[in-house]
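Sequence lines set the chain letters: A, B, ... in the order given, protein chains first and strands last, and positions in each chain run from 1.
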Amino acid sequence: MQVAEAAKACPNATIILGHSGGYFHTKDAIRVAERYPNIVLETSGMPYPRRIREAVERIGASRVLYASDGPGCDPKIEVHKVKIAGLAPSDLEAIFHRNIKMILDRVT
Amino acid sequence: MIVDARVYLGSSLFGYGQTLSEISAEMTRLGIDKAVLVPVKPREYHLAPMNRLVADSVRKHRDHFMGLCRVDPWQRETALAEAREGFEQYGACGLYLDPWEENFQANDEILHPLMEEAEHCKKPVVINAGHLRVSHPTQIRDLASRYPKVQFVACNGGQINISGMLLFEARRMLEACPNIAVETAGTYREDFIEEIMTEIGEERVLFASGSPIYDQEFEMTRVRFAHVTDAQKQKLWEGNALRVFGP
């Protein structure tokens with residue numbers, strides 16, 4: 001919710017919310033991402049595959065990014081977490097690849 | 001064999017829950033042979049009926065389940081009586097304490113009678129660890145150091161902190177107290193599991209999911225992909241849990 005203040009202040013900035021709220025604040029993270037379309041949720045570190053699915057259902061796959069937080073977190077495990085979240089193949093493609101490419105392509 | 005050292009049974013006041021059928025179905029799907037059942041705190045608040053439910057489930061399916069007895073230390077004499085009854089009459093394989101849900105500090109003196117009972121009955125004590133205000137690794141360490149003959153299991157790797165800051169405190173806790181083991185459930189950073197196994201002791205880590213709070217299938221992944229030897233992995237999967245809780 002602190003990140004929400006930044007998103008509100010800078011509506012043209014894309015803000016990637018690392019760990020999607022982590023262990024205790026994934027619900028808050030999804031809520032603020034619903035409210036502020038410039039917030040993108042990133043999947044690393046947080047231990048809840050079901051919240052990844054919930055984020056996709058509530059804000060759309062286009063605003064969810066895969067990340068590993070490696071080398072601390074094992075990328076293989078972080079990939080597996082997204083794969084078992086029960087998402088459609090097109091959503092997985094967006095989360096694993098398309099979304100971050102779109103963000104980085106906008107960088108001048 | 002795979003033993004999940006912490007699986008919650010019942011419908012919790014805090015919104016999570018699962019039935020025995022759901023637990024069994026998932027265990028079959030995931031290839032888990034045995035689980036240590038933990039009573040939830042129900043909407044009615046009273047833990048005794050949940051302890052009976054766990055005991056009854058274990059009695060009916062001894063090959064697949066063991067069960068912990070859960071008490072609220074604030075209930076003082078009632079809690080002690082419940083623990084004693086759980087150990088002596090209902091075959092509980094250990095005591096479960098939840099400082100977060102029952103709102104007590106893990107090293108509060110209200111726990112002392114329970115620790116003495118656990119020591120007397122030679123039962124392990126499982127603590128929902130890692131909650132900063134009530135079950136910080138230093139608090140678990142403080143409690144465990146006062147009762148060196150009691151085997152403690154600190155849930156969640158002893159720490160829940162995505163910054164990784166508490167990992168150091170959890171390691172110091174393990175270094176200071178040989179009578180503490182940690183679970184793998186929800187552990188941020190898998191290299192922590194590997195580090196503890198290889199540098200502190202391969203008997204000091206148990207596989208647990210904390211299901212349904214954490215995702216059982218995902219939690220298995222942490223062990224499956226851990227960079228440890230096959231022999232160490234077997235200790236993670238079953239050996240350490242069976243040593244702590246009994247076969």
Side-chain angles (χ1 to χ4, degrees), chain A residues 1-3 15-33 39-58 64-87 91-92 95-96, chain B residues 6 14-18 22 26 29-30 100-101 128-135 155-168 170 183-195 207-228:
Chain A
M1 291 186 290
Q2 290 161 316
V3 172
I15 297 175
I16 299 173
L17 209 169
H19 311 306
S20 298
Y23 280 70
F24 295 118
H25 301 292
T26 52
K27 287 185 182 178
D28 288 339
I30 294 171
R31 268 199 284 267
V32 299
I39 289 179
V40 175
L41 299 181
E42 174 262 87
T43 65
S44 77
M46 59 83 108
Y48 310 116
R50 65 180 182 271
R51 291 272 184 245
I52 299 174
R53 185 172 65 251
E54 184 182 338
V56 168
E57 288 167 356
R58 289 172 62 177
V64 178
L65 298 180
Y66 160 77
S68 69
D69 203 26
C73 291
D74 188 326
K76 205 187 318 186
I77 293 173
E78 295 297 320
V79 166
H80 189 72
K81 179 176 65 187
V82 179
K83 284 184 173 176
I84 63 172
L87 301 172
D91 291 340
L92 290 174
I95 291 167
F96 279 130
Chain B
R6 180 167 55 112
F14 301 103
Y16 62 89
Q18 53 191 351
E22 288 167 337
E26 272 301 272
R29 185 177 78 85
L30 297 171
W100 178 247
E101 291 190 358
N128 187 6
H131 294 276
L132 284 179
R133 187 178 63 81
V134 293
S135 57
C155 301
N156 313 310
Q159 47 78 44
I160 309 172
N161 187 321
I162 207 161
S163 73
M165 300 290 283
L166 273 185
L167 292 172
F168 303 108
E183 284 175 356
T184 61
T187 306
Y188 172 64
R189 290 187 61 151
E190 288 71 36
D191 55 351
F192 173 75
I193 298 171
E194 296 156 6
E195 177 186 307
F207 162 64
S209 69
S211 159
I213 295 173
Y214 298 126
D215 185 286
Q216 198 170 38
E217 181 177 359
F218 177 59
E219 293 305 318
M220 291 179 75
T221 309
R222 299 186 199 279
V223 176
R224 188 163 285 131
F225 292 151
H227 299 95
V228 296

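Summarising the geometry, atom CD belonging to B/E183 is positioned 8.5 Å from atom CG belonging to B/N128; distances are rounded to the nearest 0.5 Å.
Note: B/H131 and A/F24 have tilted aromatic rings, judged against thresholds of 30 and 60 degrees for the angle between ring planes.
In terms of heavy-atom pairs under 4.5 angstrom with chain B, the leader among A/M46, A/H80, A/K81, A/R50 is A/K81. Top candidate by heavy-atom pairs under 4.5 Å with chain B, chosen from A/I84, A/D69, A/I77, is A/I77. Ranked by non-hydrogen atom pairs under 4.5 Å with chain A, the options B/L167, B/I160, B/D191 are led by B/I160. Across B/F192, B/F218, B/Y214, B/Y188, the residue that shares the most heavy-atom pairs under 4.5 angstrom with chain A is B/F218.
Heavy-atom minimum distance, A/S44 versus A/E78: CA-OE1, 3.4 Å. For the pair A/V40 and A/V64, the tightest heavy-atom approach, listed with the atom from each and the gap, is CG1-N, 4.3 Å.
Neither the backbone nor the side chain of B/R224 comes within contact range of chain A, judged by heavy atoms closer than 4.5 Å.
Among B/Q216, B/E26, B/E217, B/M220, the one residue that satisfies the side-chain contact (heavy atoms from CB on, under 4.5 Å) test with B/S209 is B/Q216.
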